[in-house]
Amino acid sequence: MFRCMLAVILVAFGAAARAEDSIRIGLTDPMSGAFAQTGQQNSQQAQYLLDSINSKGGALGRTFELVTYDNKLQPSEALIALQSMVDHNIPFVWSNAGSNVAAALIDGVEKHNARDPDHRVLYFTAGSTAPELTNEKCSFWFFRFVPTTEQFAEMLVRALPPEVKKVYLLNPDYLYGQAMQRDSTKFLAQYRPDVQAAGNELIPVGKVKDFSSYIAKIKASGAQALITGNFGPDLSLLIKAGTEAGLDVSYYTVWAGTGGTPTAIGPAGNSRVFALQAFNDNMADEQGDAALKDLVTRFRATHDYDFDAGSWRAMFELLQAAIQKAGSTDPAKVAQVLEGMTSRDMLGHEWAMRAEDHQVLMPYYVSVFTKDVKYDSEHTGLGWKVIKTYEGKDLALPTTCKMKRPAT
Amino acid sequence: MSGATIRRRGGARRTWWGSWAWFSALGLAVLLPWIIFDWRHGRHDGFAVALLTQTAIMSVFALSYNMLSGQSGLLSFGHAVFLGLPAYVTIHVMNAIAAGHLWIPEELLPLVGGISGLLFAALFGYPTTRQRATAFAMITFGIGELVTAAATMFQGFFGGEGGVTADRALNTSLLGLSYEPAIEVYYLALAWTVIAVVLMRLLARTPLGRMAEACRDNHERVRFLGYDPHGIRFCQFALSGFFAGIAGALYAMTYEIVTYDAVGATLSGNALFMTFIGGVGVFWGPIVGAVLVVIMQSWVGLVSNAWQIYVGVLFIAMVMYAPGGLAGLIVLHGPVWQEGRIQALLLSYARVALPGLLAVLGFVALVELGSSVMLGEHEKGAVRLFGGALDPASPWLWGGGAALLLIGGSIARRQGRALAARWALIAEGTSAG
Amino acid sequence: MELLLVSVLNGLLYGMLLFMLASGLTLIFSIMGVLNFAHASLYMLGAYFAYEISRRVGFWVALVIAPLLCGLLGALIETYGLRKAHRHGHVAELLFTFGLAFIVEKLVLMVWGPTAVPYRVPPELDFTLFSVYGTHVSAYRGFILLISAAMFAAIWLLLTRTRMGFVIQASLSHPDMVASLGHNVPRVFTTVFAGGAALAGLAGVIGGNYLVTEPAMAFSMGPIVFVVVVFGGLGSLAGCFIASLIMGFVQTFAVVLDISPADLLARLGVAVTPATPLAEVLRVPLPRIGPFLPFLLMVFMLLVRPRGLLGTRDT
């Protein structure tokens, strides 16, 4: 038994030693526990995309290698994972789930780079959306390849059809949801002064089991649309309770497209539920080229879940181009090149890494959950169809970031 | 209980042996960062140092938990509150020091955490400790839920989702250290761990500690003797908060960030697991538990995504078969060892251990296969198991794992009964002698 | 008025759903003195079993079989686990069920994955029963109400009107006497635990598709059920029933009543400004803390009356 364990450990170390010549990206996400599937699917989709990039030559003649570290969605564990990556001289640190984890890592990376300048790392995220991360907490070493919740609020508000005159806001009661609520109100005033906010609600995360009382309140308010930042069971339960009570509203959500939610909503959500997405399986079919179509069909053939991380391809390509241009994997050089860099993704839209706060300006989509699609989501018979496309530059918001760049 | 009686019978020789064990454990803790040194790059292994620091913090935390669960018989389901809240206080104090509003030597910061832990525990504890048993457990559970809720809702003190951050390089060290390198924080944490351990050990021997044990065993009689059980429970609770607060301050200094996770249910549950796996009846039991749980979640976590199942199964096995925990098992062997009769047991142990290992192997195989299928790792090719790549779809593997578990388990069970009989025989001989 | 009526209805329904879960827990505690942390896990397993059965054979079969499976599982847990732990005292029992709840969650994660499974309301009950001011009440909610009311009546009659009920109650207070009368006390305990587990399973079958069937459902439902049972008084079925309804109404009306402590202070002539100490806390309106009110109520209840609402002995 112990010999077996030892063998496993030796194999692991052997793998680490062998891989010094590849370009390593250390991914830390929850790999065990209740959110394990998030981390596992992230790493599988990333591996799938990196394989396709590697087959075209990688960067500097070297291939990309993904190394995963469990962080159990705990900031303290993420910092230990960061230590581990530094030990293995991994230059690129990547995490997605949890803005609490991202805040800890930004701070940890900033301090590490100052204290140990010989082993600096570059940190990026494609999943943590708290606006503060590229505002007050912004860092030269941190890049974000996903919009902020502030942009989410703007996208949802601008997606409201003209006939909607009354909306209800319902969000989770912590920093993220409170920000969603504040920003939605702000953008409603800016873009849709004709729309009245019929109600404003904050709910504790994962504590409400019976949403019928909220539904009764929404119904009484006469709202035609509901804007919500809820996710997971809080979102499914809300929509289920609403459809069951015969509540006649459209649900404008941020997260209805994420794993498990389509299953939980089911056919009752047909044409009623809208979600913000960076990618879905039907986009390739509607507007993509042959290469993208091939990427999606191959993914669907080999995986049992939606290819929702397809947009990461553009992120990896930006990183690839930056390494190529910097001529090195030195995080300081790559970070300098990455600032202000632009590229086009496989659908032909522009991606730009804004230099002043390291916030990406990327295309984003509003989709509706409908039967009228080629590829369904999670075997529900319903899938996501794009109804509105935002270009990255349309979503540019001012930043309060005061970037401290290292003296070179 | 049994641990205590054995200790008393052991006399002087055991005390000497005990202190020898303490000093070698401390020596090991001091030397380990240098034993696991990254010679290739000429620097400390950051992961190892981080884990050692975590172990030190968790040891203090688990010991403080045992002041309630072991010494006072109070089962708390919200102990993380008294690590998390002081951690928040400490991080705010660190920021105040950095801003020049305060001057506190960095080495004494854990005291700030300890005192705030004491205050929080006194505040929550005064009403809570009026109750005992299930009511106490449920109140702590409720308080844990409420504080976690508050930590996510209110940003003024708790900093919202990103938590509160600070820089531990404060320039107020009495020893002239910067505390930038993780290794310096580790030694500070270790020093405070030693202080806390010594203090808790001394406390357990004061009349208060003794009365707490008496309260646990028979609180009615304590009342008849003219003591106030509520007062005793309250003091234990407040002091336990003091030590949990020290752990909280070390947490804040190590990670330089405190988020709502620090008051959450996961950490409270961990305190319970560490303490009961390690053993509540023996003073150093929770330390053993802390070491083991940290190893399981971090090192086993490196090779397996199912480490939580192993922790859970180990915990249940302990509760069912060894309520004294690991430390209880070790202490139990003390007298047998001294009488020199341990050899008589070795064969019986081997008879249980061999099939037992097979059963464990089978169980691990099943769990790993299951977890790899669920997480879809097989899409990458095969399951990494016991140093080889295996196909999780193969029925042979599943069947083999199940067979190992069943056959090994049943043999171990039968041999276990024989061992128990033999043990009873020998134990009878020793206690009679 | 319209909102009031709908809210009363909602509160009643939610309270009855809570009662379904809490009754089994109360039953087990009143007879065996065990606070079963794994109770919500059996509820979750009931939902998952029902999902597997209903997609193969149908919902109505699942309604019978899944609770029986849970009951069987409960019997096994009692015989091979709890009884062993019991030798080491009540704390060991409590810890055993705590560990069990932990493992069941991880196992469910492994078997069914971390996201929700498509366990749906059967089409026979998927229609609108009646409407109140335009708010539909589905037939399934009526069904939930019916089942939980029947459950309450059945347990009540079983315990107070049948010979078996007397033996069960006597096993708690006078186990030796019951044993010397020729009853097998351990088997009585096994039966009770299995019965409680089956009730949890039934709640899972019914609640799983009404709510969402996912691995976190035990962890998110468990605490509130505990609160109900402890608040109502450990071991009192009537207390449990009343507590369930109270918690149902409290949570429902908390959502509807939009007031904060600051508003109340303003009515007393004290204005809360951002400079007021604890302004952030004082300005929290009731709906935001609605789901935490049960915890507050429980802590308060235990502090002033540790035996709970109708409990017969201290917790």
Side-chain angles (χ1 to χ4, degrees), chain A residues 30 32-41 170 173 177-178 199-221 232-237 239-241 243-248 258-268 304-305 378-381, chain C residues 2-3 5-7 9-11 13-15 17-18 105-106 109-110 113-121 126 128 131-138 140-141 207 209-217 219-221 223-224 248 251-256 258 284-285 287-292 295:
Chain A
S32 63
F35 301 93
Q37 193 155 326
T38 315
Q40 294 290 342
Q41 292 187 353
L170 194 145
D173 194 0
Q178 292 163 12
N200 228 326
E201 206 82 62
L202 289 170
I203 60 142
V205 184
K207 295 288 172 200
V208 181
K209 291 293 123 196
D210 188 25
F211 273 92
S212 20
S213 39
Y214 291 94
I215 298 298
K217 217 172 154 185
I218 296 170
K219 185 161 185 72
S221 78
D234 285 342
L235 180 59
S236 330
L237 286 170
I239 295 176
K240 277 184 90 161
T243 48
E244 195 213 275
L247 179 68
D248 186 27
T258 48
T261 310
T263 308
I265 299 172
D304 200 30
Y305 51 88
E378 300 177 352
H379 311 293
T380 49
Chain C
E2 153 185 352
L3 195 57
L5 193 67
V6 174
S7 297
L9 198 69
N10 284 333
L13 271 161
Y14 185 48
L17 192 68
L18 282 179
E105 188 192 324
K106 306 302 164 208
L109 265 168
M110 261 172 69
T115 51
V117 294
Y119 174 37
R120 303 216 192 282
V121 170
D126 198 7
T128 301
S131 293
V132 190
Y133 297 109
T135 295
H136 302 318
V137 174
S138 70
Y140 198 72
R141 294 183 84 181
N209 49 4
Y210 177 64
L211 303 173
V212 175
T213 303
E214 39 114 29
M217 65 192 282
F219 187 70
S220 62
M221 206 63 176
I224 178 79
Q251 290 204 46
T252 308
F253 278 96
V255 171
V256 185
D258 237 329
V284 169
R288 271 178 72 186
I289 54 161
F292 300 108
F295 292 95

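Labels below follow one simple rule: chain letters A, B, ... track the order of the sequence lines, proteins then strands, and each chain is numbered from 1.
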Quick one: list whatever passes side-chain hydrogen bond (donor to acceptor under 3.5 Å, both in side chains) with A:Lys219, sequence neighbours left out. none

Minimum-distance pair of heavy atoms, taken over all atoms of C:Pro291 and A:Val208: CG-CG2, 3.7 Å

Taking the side chain as C-beta and beyond, is there a heavy-atom pair between C:Arg120 and A:Pro267 under 4.5 Å? yes

Heavy-atom proximity to chain C below 4.5 Å, by part of A:Ile203: neither

Tell me the closest heavy-atom pair linking C:Arg288 and A:Asp173, and the distance in Å. NE-OD2, 2.6 Å

C:Phe292 versus chain A, the contacting section by heavy-atom distance below 4.5 Å: side chain

Side chain, backbone, both or neither: which part of A:Lys217 has an atom under 4.5 Å from a heavy atom of chain C? both

Mind checking ring-ring contact (aromatic ring centres under 6.0 Å, His included) for A:Tyr214 and listing every partner two or more places apart, or none if nothing turns up? A:Phe211

What part of C:Pro215 is in contact with chain A, defined as an atom under 4.5 angstrom from a non-hydrogen atom: side chain, backbone, both or neither? neither

Between CD of C:Glu214 and OG of A:Ser236, what distance do you get to the nearest 0.5 Å? 7.5 Å

Heavy-atom closest pair, residues C:Val255 and A:Ser213: CG2-OG, 3.8 Å

Smallest heavy-atom separation, A:Thr263 atom then C:Val117 atom, equals CG2-C, 4.0 Å

Would you say A:Lys207's side chain and C:Ile289's backbone share a donor-acceptor pair under 3.5 angstrom? no

Checking A:Asp210 against chain C: side chain, backbone, both or neither under 4.5 Å from a heavy atom? both

Taking it one step at a time, do C:Ser220 and A:Lys209 satisfy side-chain contact (heavy atoms from CB on, under 4.5 Å)? CA-CA 8 Å; C:Ser220 62; A:Lys209 291 293 123 196; 3.0 Å; yes

By a 4.5 Å heavy-atom criterion (distance strictly below it), what part of C:Val137 contacts chain A: side chain, backbone, both, or neither? neither

Checking heavy atoms, do the side chain of A:Glu201, its backbone, both or neither come under 4.5 Å from chain C? side chain

Quick check: closest heavy atoms across A:Gly246 and C:His136, and the distance to 0.1 Å? CA-CD2, 3.1 Å

List the atom of A:Glu244, the atom of C:Tyr210, and the distance in Å for their closest heavy-atom pair. OE1-CE1, 3.1 Å

